[in-house]
Student: 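Take this structure first; my questions come after.
Lettering follows sequence order; numbering is per chain, from 1. Nothing here was measured: the structure is a model prediction, and the numbers come from that model.
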Number of protein chains: 2
Amino acid sequence: MELDQRKLQILRAIVDEYILSASPVGSKALSKGGMKWSSATIRNEMADLETLGYLAQPHTSAGRIPSEKAYRLYVDQMMQRAHLSDEESKLLYGYFRDHVHGVDAVLRSTAKALSEITHYTALVMMPDIGVNRLRHLQLIPLTPGKALAVVVTDAGVSQNTVIDVPEDIGPEELDRISKAITARFSDCRMSTVSSKLVRELGGELSQRAGFVESLLSRLCESQSSDRHMVELSGTTNMLEYPEYSDVNKAKTFLATVEQKDDMYRMLKKASSMEFTVTIGSENEQEGFQDCSVVTASYRVNGTPVGSFGVIGPTRMDYARVLSILKNVQTNLSTVLQSFLKEE
Amino acid sequence: MELDQRKLQILRAIVDEYILSASPVGSKALSKGGMKWSSATIRNEMADLETLGYLAQPHTSAGRIPSEKAYRLYVDQMMQRAHLSDEESKLLYGYFRDHVHGVDAVLRSTAKALSEITHYTALVMMPDIGVNRLRHLQLIPLTPGKALAVVVTDAGVSQNTVIDVPEDIGPEELDRISKAITARFSDCRMSTVSSKLVRELGGELSQRAGFVESLLSRLCESQSSDRHMVELSGTTNMLEYPEYSDVNKAKTFLATVEQKDDMYRMLKKASSMEFTVTIGSENEQEGFQDCSVVTASYRVNGTPVGSFGVIGPTRMDYARVLSILKNVQTNLSTVLQSFLKEE
DNA sequence: TTTAGCACTCAATTCCTTCGAGTGCTAATC
DNA sequence: GATTAGCACTCGAAGGAATTGAGTGCTAAA
């Protein structure tokens with residue numbers, strides 16, 4: 001079913017207006033607000049748009065609100081890219097310039113930037129360590145039988161895991177094992193380190209093959225159970241919107257967004273795409289049926305390693321959010337690049 | 001002003017009832033609910049208690065609600081310690097048994113346990129690294145000019161900080177410096193390491209005195225700007241209570257509780273005391289004027305290094321919360337002790 | 001000193017009315 | 001044939017009056 005030019009214009013006006021006001025848009029308001037047709041004409045078109053499924057009426061004597069189908073169309077075809085003002089760009093840039101204390105800090109700062117500038121809730125996924133290449137592994141003795149494993153990858157990501165160590169391995173040997181593993185597996189992807197290469201251990205490591213094997217598998221597995229996987233920011237921003245003036249809705253939303261495992265899965269899935277826009281019931285999460293999620297991926301050395309995004313009510317300002325995400329994506333890749341400077 | 005026995009009994013009954021129901025308590029209800037005096041008598045006593053400042057009336061034709069003064073009295077003198085059921089104790093213990101992946105994980109688990117069992121919001125402060133003794137320092141090269149500093153203390157706490165390194169220091173020298181510092185400062189308190197001992201550097205380190213000095217001060221300073229200082233859990237639990245059925249109140253609360261710096265300061269202050277109970281306006285935070293905060297401290301090697309607590313509405317179940325905190329305190333110190341096993 | 005009794009208060013609830021934004025339909029107009 | 005003016009109609013929101021009932025203070029009797 002094709003929509004003619006006029007229907008498109010009217011639909012767009014309705015979506016734009018509803019994004020601003022959150023209240024149903026009537027034909028008269030549209031007609032007065034710069035549309036070149038009378039309210040009656042608009043009314044007829046709106047009736048058509050409703051039967052086509054693009055609009056809905058909360059009740060007979062109210063205006064129309066856009067359906068998810070309308071948002072979909074809006075995002076895919078009608079939306080005009082918003083332009084960020086210089087101030088905003090500068091503001092955004094500021095969040096990145098001052099945080100050069102490592103990947104973690106930058107990504108946390110990203111989340112904060114996103115939530116503060118969009119006024120929605122921001123999510124940032126920590127980079128997937130599996131695709132990164134090992135730079136350095138260091139085992140640090142804690143107590144007899146326990147050690148701390150610190151992993152550094154080419155993306156600068158580090159991760160600490162407490163591991164069990166056979167009691168007969170002393171501090172010096174831990175150090176030697178660290179150096180040996182670093183030398184042997186340097187520049188291998190984390191995900192392949194444990195699976196493929198464990199068998200090829202030679203020299204000193206062969207005596208400790210069992211330990212090394214369990215160590216490496218532990219490192220990969222601990223990543224998925226790690227708590228820093230997702231950084232959230234601005235969760236309470238949503239309470240500003242009339243959609244969440246009901247505490248129960250707010251609670252449902254907050255509870256959903258704090259399921260970090262789910263959020264991680266969502267972002268991970270999205271990280272293979274440059275951008276995604278998921279509207280209302282397109283979301284898998286129960287609690288996001290009235291929300292939209294917009295994400296962008298970020299890369300290190302050309303490989304997508306993670307994604308970040310924004311959650312807002314379905315009537316979110318998609319154009320603006322996408323512009324911001326694009327801007328952040330650029331900033332982020334620049335900063336991450338500076339951490340990795342291939343030698 | 002002394003309260004006679006009967007006034008105390010009535011006051012306690014009102015507080016107990018109000019903690020449960022959150023709605024003003026009337027004389028009739030009390031009289032029917034097991035009090036041995038008629039509603040009229042109770043009414044007279046209530047009028048007295050009101051003029052004494054222990055009760056307040058939302059409006060003329062409503063029952064009475066306890067004032068902060070009443071809660072204070074209740075907590076200090078009237079409350080009977082609640083007894084945790086065996087199931088609850090077991091449940092609590094379960095949170096600790098399974099999380100032996102390091103201090104961080106245990107404390108996060110503590111927060112979760114507290115919030116889930118109390119149904120309030122839980123806060124746990126990460127241990128103050130300054131009072132702990134250095135076990136191991138390891139500098140791991142990242143890129144030329146940058147390195148990752150990993151600090152391990154006697155409490156098992158570790159912390160990563162990205163630091164700048166003069167370009168002429170290579171990986172081998174970083175390793176040597178790490179070992180030298182570890183050897184020299186092992187078992188010194190972190191807080192004294194940088195201030196006192198920097199001058200006494202001898203041997204190899206003296207050539208790099210400038211670098212080592214900046215490194216050590218950076219380590220101590222970075223702790224205070226660290227983001228993991230406070231672990232929050234169950235922030236949305238508060239939305240269950242009628243006190244927060246108004247979204248604005250909820251928002252104020254959530255915004256306050258997410259000011260991690262403030263929360264850290266609050267907990268840090270409380271960590272010198274075994275237990276604290278701070279009621280309503282006794283709280284410094286604007287957003288906690290209708291909340292109470294109950295905390296307990298935890299120790300490592302006999303030194304208090306941090307605290308944890310619960311935030312709830314002023315009508316929280318103080319007796320129960322205190323019992324739970326006490327139980328958690330015991331569990332926590334046992335588990336932390338197991339991390340430190342002095343060799 | 002305690003309590004029964006009673007008049008009084010006031011928030012909460014319910015029911016009604018009014019108001020107005022918005023609609024659909026029809027007939028006149030371009 | 002498309003557009004628009006006009007009009008009756010719908011229905012939620014807002015406001016107001018009446019009702020209800022839990023709770024009080026006060027007084028007088030036990």
Student: For a quick check under 3.5 Å, do E286(A) and T256(A) share a side-chain donor-acceptor pair by atom type?
Tutor: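 There is no such pair between these side chains.
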
Student: Does Q57(B) reach the main-chain N or O of T60(B) with its side chain, forming a donor-acceptor pair under 3.5 Å?
Tutor: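 Yes; judged by distance alone, with no hydrogens or angles, the pair exists.
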
Student: Please table the atom pairs, donor to acceptor, closer than 3.5 Å between any side-chain atom in residues 24-33 of chain B and protein atoms at least two apart or in another chain.
Tutor:
residue : atom : partner : partner atom : Å
S27(B)  : OG   : R43(B)  : NH1          : 3.4
S31(B)  : OG   : W37(B)  : O            : 3.4

Student: When rounded to the nearest 0.5 angstrom, what is the spacing between NZ in K7(B) and OH in Y54(B)?
Tutor: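 Output value for this atom pair is 11.0 Å.
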
Student: When you measure from the side chain of D4(B) to the backbone N and O of R6(B), does any donor-acceptor pair fall under 3.5 Å?
Tutor: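 Side chain of D4(B) to backbone of R6(B), a donor-acceptor pair under 3.5 Å: yes, one is there.
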
Student: Run the side chain to side chain contact (heavy atoms under 4.5 Å, CB included) test against S61(B) and tell me which residues pass, sequence neighbours left out.
Tutor: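 Only H59(B) meet the side chain to side chain contact (heavy atoms under 4.5 Å, CB included) criterion with S61(B).
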
Student: How many Å lie between NZ on K32(A) and P on dA5(D), as a whole number?
Tutor: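 Taking atom P of dA5(D) as the reference, NZ of K32(A) is at 12 Å.
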
Student: Is the side chain of T252(B) donor-acceptor paired with the backbone N or O of G287(B) at a distance under 3.5 Å, no angle test?
Tutor: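 Looks like no, no N/O pair under 3.5 Å.
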
Student: Please list residues of residues 9-17 of chain B whose heavy atoms come under 4.0 Å from any atom in DNA chain C, ordered by number; otherwise none.
Tutor: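 Per residue number, the list is empty: none.
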
Student: Quick one: list whatever passes side-chain hydrogen bond (donor to acceptor under 3.5 Å, both in side chains) with S245(B), sequence neighbours left out.
Tutor: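 side-chain hydrogen bond (donor to acceptor under 3.5 Å, both in side chains) list for S245(B), sorted by chain: empty.
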
Student: R64(B) CZ to dA22(D) P: how many Å, rounded?
Tutor: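 Result: 17 Å.
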
Student: Which whole-number value in Å describes the distance from E45(A) CD to dC25(C) P?
Tutor: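 To the nearest whole Å, that distance equals 15 Å.
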
Student: In this structure, how many angstroms lie between the C1' atom of dA2(D) and the CG atom of D4(A), rounded?
Tutor: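 Going from CG in D4(A) over to C1' in dA2(D) covers 12 Å.
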
Student: If I take atom CD in residue Q57(A) and atom C1' in nucleotide dC11(D), what distance separates them, rounded to the nearest angstrom?
Tutor: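 After rounding, the gap between these two atoms is 11 Å.
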
Student: In whole Å, I'd like the distance from the CD1 atom of I42(B) to the C1' atom of dG23(D).
Tutor: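 From I42(B) CD1 to dG23(D) C1': 13 Å.
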
Student: May I have the distance from L49(B) (atom CG) to dG23(D) (atom P), rounded to whole angstrom?
Tutor: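 In whole Å, dG23(D) P lies 17 Å from L49(B) CG.
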
Student: Which residue pairs satisfy the ring-ring contact (aromatic ring centres under 6.0 Å, His included) criterion with at least one member in residues 230-250 of chain A, sequence neighbours excluded?
Tutor: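 ring-ring contact (aromatic ring centres under 6.0 Å, His included) check on residues 230-250 of chain A returns Y120(A)-Y241(A), Y244(A)-F253(A).
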
Student: What is the separation between atom NZ on K28(B) and atom P on dT24(D), rounded to the nearest whole Å?
Tutor: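 These atoms are roughly 9 Å apart.
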
Student: How would you summarise protein contacts on nucleotides 1-14 of chain C per nucleotide, using B for base, S for sugar-phosphate only and - for none, with heavy-atom distances below 4.0 Å?
Tutor: -SBBB---BBS---

